[in-house]
Amino acid sequence: MNRVDGRQKVTGAAKYSAEYQLPNMAYAVLVGSTIAKGRLSSIDTKAAERAPGVLAVITHQNGPKLPGHKPVGKDPSQPQTVGSALRVFTDDKIRFNDQPIAVVVADSWERARYAARLVKAQYAQEAHQTNLEANKPNAFLPTQAKKNPKSPVADYQRGQVDAYKTGALKLEAEYVIPTEVHHPIEMQSITAHWEAPDRLTLYDKTQGTMATRRDFAREWGLPEENVKVIATYVGGAFGNGLHSWPHESAAIVAAKVVNRPVKLMLTREQMFTMVGYRPHTWQKIGMSATPDGKITAITHEAIGQTSTYEEFTEATLGQTRMMYQAPNMTTRYRLAALDIGSPIWMRGPGEATGAFALESAMDEMAYLLNIDPLEFRLRNYTDKDPENGKPWSSKFLKECYQAGAERIGWNKRQLKPGSVREGDWLIGYGMGVGTFGAHRGTSKATAKLLPDGTVLLQSAVTDIGPGTGTAMTQIAADTLGVTPAKVRFEWGNSDFARAPTQGGSAIVNTVGPAVQEACLALKDKLRELAAAGNGAFAAARKEDVTFADGYLTLAGNATARVTYTDLVKQAGGQAVTVESKPSDKGREYSMYSFSVHFAQVRVHQLTGEVRVSKLVSCADAGTIINEKTAGNQMKGGAVGGIGMALTEAAVIDDRFGRYVTKDLAEYHVPVHADAPAVEVYFVNQPDPHVNALGTKGIGEIATIGVAPAIANAIFNATGKRIRELPITPDKLI
Amino acid sequence: MNQFQYVRASKPKAAIEALARDPNAQFIAGGTNLLDLMKRGVMAPQKLIDINKLPLDKIERQEGNIRIGALALNGAVAEDKLVLEKLPLLAQALNAGASAQLRNMATVGGNMLQRTRCPYFYDTAMPCNKREPGTGCGALEGYNRMHAIFGFSDKCIAVHPSDMSVALAALDATVLVSGPKGDRRIPFAELHRLPGDQPHIDTTLGAGELITAVEVPDNAFTRHVHYLKVRERASYAFALVSVAAALQLDGSTIKDARLAMGGVAHKPWRLADAEKTLVGKPATDETFRQAAEVAMRGAKAFQHNAYKLKLGPNSIVQALKNAAAA
Amino acid sequence: MADEQPGLSLDHDEHSQARRTFLKQSSLLTALAFTPGPVVRAAAAELDEKVAAAFEKVPLKLAVNGKRYKLQVEPRTTLLDLLREQLHLTGTKKGCDYGQCGACTVHVDGKRINSCLTLAVMQEGKEVTTIEGLAPGGDKLHPMQEAFIKHDGFQCGYCTPGQIMSAVACIREGHADSEGEIREYMSGNICRCGAYTNIVAAIQEVKNGGQRV
């Protein structure tokens, strides 16, 4: 089945957050600080205010009071992070470079942008810290781990602490990933419209319409139902729409002040500084094994970067604790707070970071043991979760190994690095494993039969590109026994049925069952209606009623046949809203999606250029609802992994605390020429425990494990082990 | 972007006079670099003189050379039959630059005059002697991964980003300019400056001068040529190092050679000494390595670009190998 | 005035007319009009908004998707911003504004360019085609649009109009003869969702299908 919104997207009709036309629109441009830490001692807005077309220049000196705003660091109600999201113009403190210090509002984008350059600020500068390496000694245990020793970011051990140190066969290695930035092609944008003094509508690039509504309703002291968030089309996000950011806050303030709808789109430079990033992370792995390839102990430590005003944590060490059968396990996770904006989960988040270290170390150990890396993983395969002893809800990783090895031609791989060459190019093969929790949350969905016989489904969930709308349409059509053309799924509006934020590979797992259950409830309604109007249906058993092609029919009774449309006409439009929750029984299982990625690379022996010539990504993600969109997601995750492995790094000049990679010419995301044809394989076996659909989630495992597969392939090609990403040509010559 | 006056020139003379009259005016042709810089506040001309209507886009065969109009588009030049036949090195260099879309906008004259991509030049909140003389060089002790290993000064270590210019430098091109004082010809090697004490001046063009064409003399480098560009992704990125290599072979003996590098200096870096070591020698890896060694004499690296001391010679060897095999 | 020199022009009657009307409005302005640019602008900032606008805007005639427009634009307005903000043709996307992503790709006189790095006024007299004008009309899609849907050559859809405009040009230019050539000549269009494999498949299908693009 093709994507339900394909036509909108290929014709340019799909409207993103900065593309709504509202009467009397004004344009806002942010002015950023030019220091990383200190205070604003003065800010001169006169020239900007006088510039043609300028409607307002808002700073901390004249910004409106935000009734629900809690000062930074003083909001313990924040669930995921400690501290609180930065809001604008509330004080004179500078916490990172390019922090918004003013917003200029004008009647055109050109005028706003020009006037923004006329705002002049003076600072009382303080010494800043932007270097992770230098701040490693100050790294601390996250507050949530201090409060709760069972927190996933708390120190963990099974067996003996740091047992690898006493192992006869051991390795110890440090791994570094730089800051990576989401950089969706649509830059963060928002159109804020106060429809009444206490009613706010936001067209916003967010992954969660409900979360954004909650955050800004709270900030303005409004009831949630007075705030409406629309995010029908989101031009990619990869995690940077999982939080509410200063620019959103600024656009809402600006719209309030000028009393007009205000449109604000960040610049590419601002995409580095104020909407999150995958944090620069240092890791160390110690591993020991027996000569026949059984891991005896692993210690995995990580220090991730966060800001001074929020404690951002991620599950960097999760995969290490559960992937391989290691009787002795120690993990330690720490944070270093720097004068940089807060990070936010980026596709495959901490797991992708952790998998780079773990899966590189697995390759290093296999090499040390002189065992094929695939064989080494099989020898340490787990049939139940070693972290908690629970059975897996499902695990078909071995099937993935086999399928991937065949497709990449793993048998052509030589154990000895540097053995295969073609002219000036060295050829190598590598693999990397990924896993991510098969999370399922609670969600609602509404299903309604329209008089024309179509079914309208609504959910507040967003579709940032994976094809949520398409998958939900398919689930509904399958459940109801109608063609997808008879189903219309509407999403991306906080007024629709409550749904979680798009993220963590959890949407099909969570919203899918809600859609399914809503459709089942609708079927019950239809049965009731049919029974009321037709004796044969009234007498029939539930399982004998068949729904197909827009008709209700009865097994063994050719005359009992009613169209949906007739039923709906009778009833005058029936709607049901259901809430779907994970079952308690699920807690008895460990639920994960699994993937393995196989890479073939070519490395130029003189120039150090790397080309990924082949990539095979195999996934055990439970039932695949739509092979086309799911396959696309896998391919896209692989391309993201190529970027992580080879090209992407955001760099700060610590003297100024300012990024020197400021745009897409300096921060290299993969282009067409970097991407081979990616081959995808799905086991496509339903998971019996996550939900009734059998799904487990794809988005994260598509990326997790790709970067180490490429790094390992480079080692196999060249004998060079690169432990700091990205692997640019200079590291290989 | 600041406000500016906008005028269109239909005759070169009018364009030149308008520019000469107004020190705050700039020509605009493709605009791909100028508008980028204006959006970021790095440049703020008060008048733009649109020269796209000037009749300067012809590519023609002349006595002893090929003449390419300054307003010929990069994409058009790269696909031009005459260029592909007679100047394949130039076509390769052009195709290695930017994207198909940008090559459809950028002109030959504008390509030569593009400014450095140094991140300190691009950020008005950081020091840069090229953007604001006297503020210091941010790159000297900063993030200098992309920076020069030849010909720099303590005021500026930026590199010139053009690929096309590296090929033109190798091919002994001549730049034709018209100015208030008449026409003159500038050997390509003398168009771009080294930074010295005045890094804010990129070229030797005088006030009000307009590049009208570039002439590339007839040469025999029509087969054994290669433009090698090493970058951080497979396409659409600026060079870490690039090499324009051209050989004239008599059997396996090198009769004549041209060699220039990009991404290593404030101007396209012609390697005349290395060329000399190639002539008369067999086209072997050993010969190429010797030339690369000569080419790198005098190179000096900074904190983050030491890799260029190795990537440079390696790339020269590879480019020469590819040229010989072409 | 510089733009009244021989060989230099903003050769539009409307503009001259606008200028004359405007000059009549105020003797103060008559004086200002002959003082150098920066002074005018500094002063204009203190003047009535309409007057400032008259100073700043210049006339522009161009065709977009076959429709002819006579517009008044600020010279600093890029073609991209003109399309999106004034003509409300938001199918052309802003992904970086610096010519580094390709989301803003349109055809001008049949050639693909980045609309973010050219001024609208530089397109005087030209024919612009955007994604909204690619299809032949009615319900029918362009073959490349059909192929993108069939091969799922996108995810979030934001880079898609640029990819499609570039893909059509890629075939027209004769640069779609192999997978490798397509990848190189499509490298000016970044897809952060990473749908490259499917985009290349879509282009190959259109190319091999031999349909007129």
Side-chain angles (χ1 to χ4, degrees), chain A residues 2-3 5-16 18-19 21 27 50-53 108-111 114 182-187 233-238 265 267-268 464-467 628-629 631-633 635-640 663-665 669-678, chain C residues 44-46 49 52-53 56 74 76-77 81 84-85 88-98 100-101 103 130-132 134-135 141 144-146 148-150 152 154-161 164 179-180 182-184 186-201:
Chain A
N2 290 333
R3 230 169 250 267
D5 50 356
R7 192 182 176 95
Q8 299 289 305
K9 286 175 174 173
V10 303
T11 55
K15 289 224 178 299
Y16 298 79
E19 297 172 352
Q21 308 304 331
Y27 295 78
R50 274 211 310 268
S108 81
W109 149 243
E110 289 82 4
R111 289 168 153 195
Y114 172 63
H182 307 70
H183 281 313
I185 296 301
E186 182 199 23
M187 300 183 287
Y233 290 100
V234 177
F238 316 106
M265 181 185 262
T267 63
R268 204 35 91 174
I464 60 174
K628 196 179 267 192
T629 53
N632 196 347
Q633 239 194 316
K635 293 169 190 170
V639 173
D663 58 32
L664 297 179
V669 307
V671 295
H672 272 277
D674 292 294
V678 181
Chain C
E46 310 245 358
E49 185 56 27
E56 290 158 11
E74 274 199 68
R76 62 181 163 178
T77 302
D81 289 329
R84 283 173 66 83
E85 305 302 336
H88 303 316
L89 291 168
T90 51
T92 305
K93 304 302 183 192
K94 184 180 284 187
C96 70
D97 219 15
Y98 303 139
Q100 298 168 351
C101 77
T130 71
I131 190 72
E132 290 94 341
L134 187 64
L141 295 178
M144 191 63 76
Q145 292 170 318
E146 295 276 13
F148 265 63
I149 292 175
K150 180 179 165 191
D152 208 31
F154 50 86
Q155 290 177 31
C156 78
Y158 197 79
C159 74
T160 311
I164 291 174
E179 261 186 60
I182 292 170
R183 287 201 187 100
E184 173 58 32
M186 287 297 293
S187 280
N189 291 83
I190 293 175
C191 172
R192 186 55 157 159
C193 297
Y196 293 134
T197 303
N198 294 0
I199 295 171
V200 172

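FYI, side chains are in, hydrogens and waters are out, and symmetry mates aren't considered; it's all heavy atoms of this structure.
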Q: A side-chain contact here means heavy atoms from C-beta on lying under 4.5 Å apart; do Y98(C) and L664(A) qualify?
A: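 Contact flag for Y98(C)/L664(A) side chains = no.
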Q: Looking only at heavy atoms, which two atoms of G12(A) and P161(C) are closest? And how far apart?
A: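 Residues G12(A) and P161(C), closest heavy atoms: CA-CG, 4.3 Å.
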Q: Would you indicate whether the side-chain heavy atoms of Q21(A) and T90(C) approach each other to under 4.5 Å?
A: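 Heavy-atom side-chain distance check passes, below 4.5 Å.
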Q: What part of V678(A) gets within 4.5 angstrom of chain C, counting heavy atoms only: side chain, backbone, both, or neither?
A: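 Both parts, backbone and side chain.
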Q: I'd like to know which of P676(A), A18(A), G631(A) tops the heavy-atom pair count under 4.5 Å against chain C.
A: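 Top count of heavy-atom pairs under 4.5 Å with chain C: P676(A).
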Q: Side chain, backbone, both or neither: which part of A195(C) has a heavy atom under 4.5 Å from chain A?
A: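 The answer is both parts of A195(C).
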Q: Report yes if the side chains of F238(A) and C193(C) come closer than 4.5 Å at any heavy-atom pair, otherwise no.
A: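 Yes, side chains in contact.
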Q: Which heavy atom of Y158(C) sits nearest to which heavy atom of Y16(A), and what is that distance?
A: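 Heavy-atom minimum between the residues: N-OH, 3.4 Å.
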Q: Checking P670(A) against chain C: side chain, backbone, both or neither under 4.5 Å from a heavy atom?
A: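 For P670(A), backbone and side chain are both near chain C.
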Q: Considering only heavy atoms from C-beta outward, does the side chain of I182(C) approach that of H672(A) to under 4.5 Å?
A: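 I182(C) vs H672(A): side chains apart.
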Q: Pick from E146(C), E132(C), Q145(C), E184(C): which one has the most heavy-atom pairs with chain A under 4.5 Å?
A: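 Of the candidates given, the most pairs with chain A belong to Q145(C).
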Q: Could you pull out the closest heavy-atom pair between K635(A) and T197(C), with the gap in Å?
A: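 Heavy atoms of K635(A) and T197(C) come nearest at CD-CB, 3.9 Å.
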Q: Is there a side-chain contact between K93(C) and I185(A), using heavy atoms and a 4.5 Å cut-off?
A: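 They are not in contact (no side-chain heavy atoms under 4.5 Å apart), so the answer is no.
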Q: Sub-3.5 Å donor-acceptor pair from the side chain of R192(C) to the main-chain atoms of H182(A), do we have one?
A: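 Between the backbone of H182(A) and the side chain of R192(C) there is a qualifying donor-acceptor contact (under 3.5 Å).
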Q: Non-hydrogen atoms of chain C under 4.5 Å away: do they reach the side chain of Q633(A), the backbone, both or neither?
A: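 Backbone plus side chain of Q633(A), per the 4.5 Å heavy-atom cut-off to chain C.
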Q: I190(C) versus chain A, heavy atoms under 4.5 Å apart: side chain, backbone, both or neither?
A: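 For I190(C), backbone and side chain are both near chain A.
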Q: Please report the interatomic distance CD(E85(C)) to CD(E19(A)), rounded to the nearest 0.5 Å.
A: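 Answer for the CD-CD pair, E85(C) versus E19(A), is 9.0 Å.
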Q: Measure distances from A14(A) to the heavy atoms of chain C and classify the residue's part below 4.5 Å as side chain, backbone, both or neither.
A: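 Backbone only.
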Q: With chain A, which of I199(C), I149(C), T160(C) has the greatest number of heavy-atom pairs at distances under 4.5 Å?
A: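 Winner by heavy-atom pair count: I149(C).
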Q: Please determine whether a side-chain nitrogen of the Lys or Arg among D152(C) and R3(A) lies less than 4.0 Å from a carboxylate oxygen of the Asp or Glu.
A: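 The answer is yes: the pair qualifies as a salt bridge.
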Q: Hey, what do you get for SG (C101(C)) to NE2 (H183(A)), rounding to the nearest 0.5 Å?
A: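 Atom-to-atom, C101(C):SG and H183(A):NE2 are 11.5 Å apart.
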Q: Write down the atom of G465(A), the atom of Q155(C), and the distance for their closest heavy-atom approach.
A: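 Heavy atoms only, the tightest pair is O-CB, 3.1 Å.
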Q: Considering residues at least two apart in sequence or located in another chain, which fulfil the side chain to side chain contact (heavy atoms under 4.5 Å, CB included) criterion with E179(C)?
A: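 So E179(C) forms a side chain to side chain contact (heavy atoms under 4.5 Å, CB included) with A677(A), R183(C), V200(C), Q204(C).
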Q: With a 4.5 angstrom heavy-atom cut-off, which part of V639(A) approaches chain C: side chain, backbone, both or neither?
A: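 The side chain, not the backbone.
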Q: Ignoring hydrogens, what is the shortest heavy-atom contact between C156(C) and K9(A)? Give both atom names and the distance.
A: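 For C156(C) and K9(A), the tightest heavy-atom pair comes out as O-CE, 3.1 Å.
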Q: Check this for me: K150(C), atom NZ, are more than 12 non-hydrogen atoms of other residues, nucleotides or ligands nearer than 6.0 Å?
A: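 Result for NZ/K150(C): open.
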Q: Please determine, among G95(C), C159(C), G188(C), the option with the most heavy-atom pairs under 4.5 Å with chain A.
A: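 The option with the most such pairs is G95(C).
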Q: Starting at CG of D663(A), measure out to CG of D97(C) and round the result to the nearest 0.5 Å.
A: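 It is 11.5 Å, given to the nearest 0.5 Å.
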Q: Hey, are the side chains of W109(A) and R84(C) touching, using non-hydrogen atoms and a 4.5 Å cut-off?
A: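 No; the side chains remain at least 4.5 Å from each other.
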Q: Please evaluate residues S108(A) and E74(C) with respect to the criterion side-chain contact (heavy atoms from CB on, under 4.5 Å), reporting the C-alpha separation (whole Å), side-chain torsions for both, the decisive distance (0.1 Å), and the verdict.
A: CA-CA 10 Å; S108(A) 81; E74(C) 274 199 68; 4.1 Å; yes
Q: Do you know the tightest heavy-atom contact between Y196(C) and A675(A)?
A: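 Answer, listing the atom of Y196(C) first, then A675(A): CD1-CB, 3.6 Å.
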